[in-house]
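For ligands, and for the atoms within them, numbers begin at 1 and follow the listed sequence. Index from 1, following the sequence.
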Amino acid sequence: MTHLSDAQQPASPHRTDLGDLSPEEFERHAHTLARWIADYLATPERYPVLSRLAPGEFGRGLPTAMPARAESLDTIIADLDRVIMPGVTHWNHPGFFAYFANTASVPGILSELVIAALNQVGILWRASPALSELETVTVAWLRDAMGLPADWFGMITDTASVSTLQALAAARERDPALEIRRRGMAGRADLPRLRVYCSEHAHSSVDKAVITLGLGAENVVRLPADAEHRMRVDALTAAVAADRAAGHRPLAVVATVGTTSTTSVDPVPAIADVCEREGMWLHVDAAYAGVLAMVPEHRMHFAGVERADSFVVNPHKWLFLPMDCSVFWTRHPKVLKRTFSLTPAYLETDEQEVALSQSDYSFQLGRRFRALKLWFVLRAFGLEGLVERLRYHCVMARDLAASVRAEPGWEVLAPVPMSVVCFRHRPPGLANDEAALARHNAAILDRVNATGKVFLSHTKLGERYVLRMAIGNLRTQESHVAQAWELLRAAATV
Ligand SMILES: *Cc1c(COP(=O)(O)O)cnc(C)c1O
């Protein structure tokens, strides 16, 4: 690249039209958007829950190059309805029962506006004292509301996948003798295989973390579950013993409280015993269910989690924060810091000994002001308001399960400890033909999703194809659950 000489540089421009749009324009468009969003939130039911576009259709409707000339925000905002909305699957729709719900609540949406406006870049404490300290305070509020140990150190990440990655990175760093931070893992005859155990129902993020850390996918040991889909501790004990005998190093166990398929709960107290005996790190994945620890009559699902080395919950799932916000706690902040701390000279500050910078404890340097949305939502609903809402979702799920059980030809396929119901239609004619039952129930799923009124997803339990209805959207009422159940029965009899 050749450089322009000073004489060739354009003259200093002194142009006033090269900055941002004006604050007045912001206000005008913000009003338009506030009306548009309020209208959307008032009637999400005018849209089909699941977008009806075929793969590629959305992209084909777009220009192939960016505009050469600036377009007005009026035009862009007008295009939301025409261009964007057809490609949107409505997670905010009260008929959204797929996967795990994720609601953008009003306080959450408003907080995102402020987060963007303040645009804090949390690379270290002085880059945003408010970000750094509000994060510490809000995750402590949440920790205490969930009855977790008061000495746990917490921080926000984007997703449970990253929280679990951090957990396993710290687990690997706990024994300094492995020297992996400095020497890496490749080309080392002195390093045993490092093994990570979880149940067959654990989330795929465990495998991804192991792959990313270079531990090798085949070192994830997936243990069989019992009849209620919980990790079998006898299988864990046996696998650890076999691995020791083979010269491997049992590193960590990931126990799940609220599995993705059925919300089953691994026996954490017994798993913690094994971990303590074997010197393994215990990470508890409660990405969906964790917030339920705030509800007194659901606390029992969390027995033993106080013995975990680390724990993850996703407020963006069942605490009504818009995507994204995951909270990660560990009782070994020093190990976490040893894993990730690396301060280049230009980020060294006088206060670094006394001021906490989350970047010392995580892979990423810069971070968003996610704590602000936690602060908005926790305050706007309050502990009592959140508990009531979670309770309501669990009651709706329990009632749905009762209706399914009472209906001839239908069956519930897993316990319903939380807000997810696993079930299927099993008409007498197909009674034991798993392949035919799978086709039949998949067809039911397609039919109800095609109505646009609800969106459910499925899972598999062993050979069985299972319909899965996850209740957890802030806008879902009994009437929506009743409607879904009606649509399902209708779809089963066509
Ligand atoms: C949703 C979920 C995850 C993954 O969450 P992300 O935030 O999308 O990474 C992991 N584990 C469990 C149990 C989950 O329910």
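- At least one N/O-N/O distance between N314 and ligand 1 falls below 3.5 Å.
- Taking a 4.0 Å cut-off on heavy atoms, S326 fails to register as neighbouring ligand 1.
- Within the model, atoms CG of L178 and CZ of R174 stand 11.0 Å from one another, a figure rounded to the nearest 0.5 Å.
- For atom 1 (C) of ligand 1, the closest heavy atom belonging to the protein is K317 NZ, 1.4 Å.
- For D285, a nitrogen or oxygen atom sits less than 3.5 Å from a nitrogen or oxygen atom of ligand 1, counting backbone and side chain alike.
- Looking only at atom types and distance, the side chain of Y197 has a donor-acceptor partner in the side chain of D243 under 3.5 Å away.
- Every atom of ligand 1 with a heavy atom of F100 under 4.0 Å away is listed here by number and element: 15 (O).
- The CG atom of L223 lies 7.0 Å from the SG atom of C198; values are rounded to the nearest 0.5 Å.
- At least one N or O atom of S161 sits closer than 3.5 Å to an N or O atom of ligand 1.
- Side-chain N/O atoms of H203 and Y288 include no donor and acceptor closer than 3.5 Å.
- Near T260, the atoms of ligand 1 lying under 4.0 angstrom from a non-hydrogen atom of the residue are 12 (C), 13 (C), 14 (C), 15 (O).
- For ligand 1 and H316, the ligand atoms under 4.0 Å from any heavy atom of the residue are 7 (O).
- Here A160 has heavy atoms under 4.0 Å from ligand 1 in both its backbone and its side chain.
- The main-chain N or O of A289 is never found under 3.5 Å from a side-chain atom of K317 such that the two would form a donor-acceptor pair.
- In the model, W281 has no side-chain atom that pairs as donor or acceptor with a side-chain atom of H332 under 3.5 Å.
- Protein heavy atom at the shortest distance from atom 4 (C) of ligand 1 is H203 CE1, 3.3 Å.
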Can R60 and E57 be said to form a salt bridge (charged side-chain N to carboxylate O under 4.0 Å, His left out), step by step? CA-CA 5 Å; R60 276 197 299 278; E57 203 177 340; 5.6 Å; no
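- A salt bridge links E411 to R424: one of the charged nitrogens lies within less than 4.0 Å of a carboxylate oxygen.
- Looking at D324 against ligand 1, nothing comes within 4.0 Å, counting heavy atoms.
- Applying the 4.0 Å criterion to heavy atoms of S205 picks out, from ligand 1, the atoms 10 (C).
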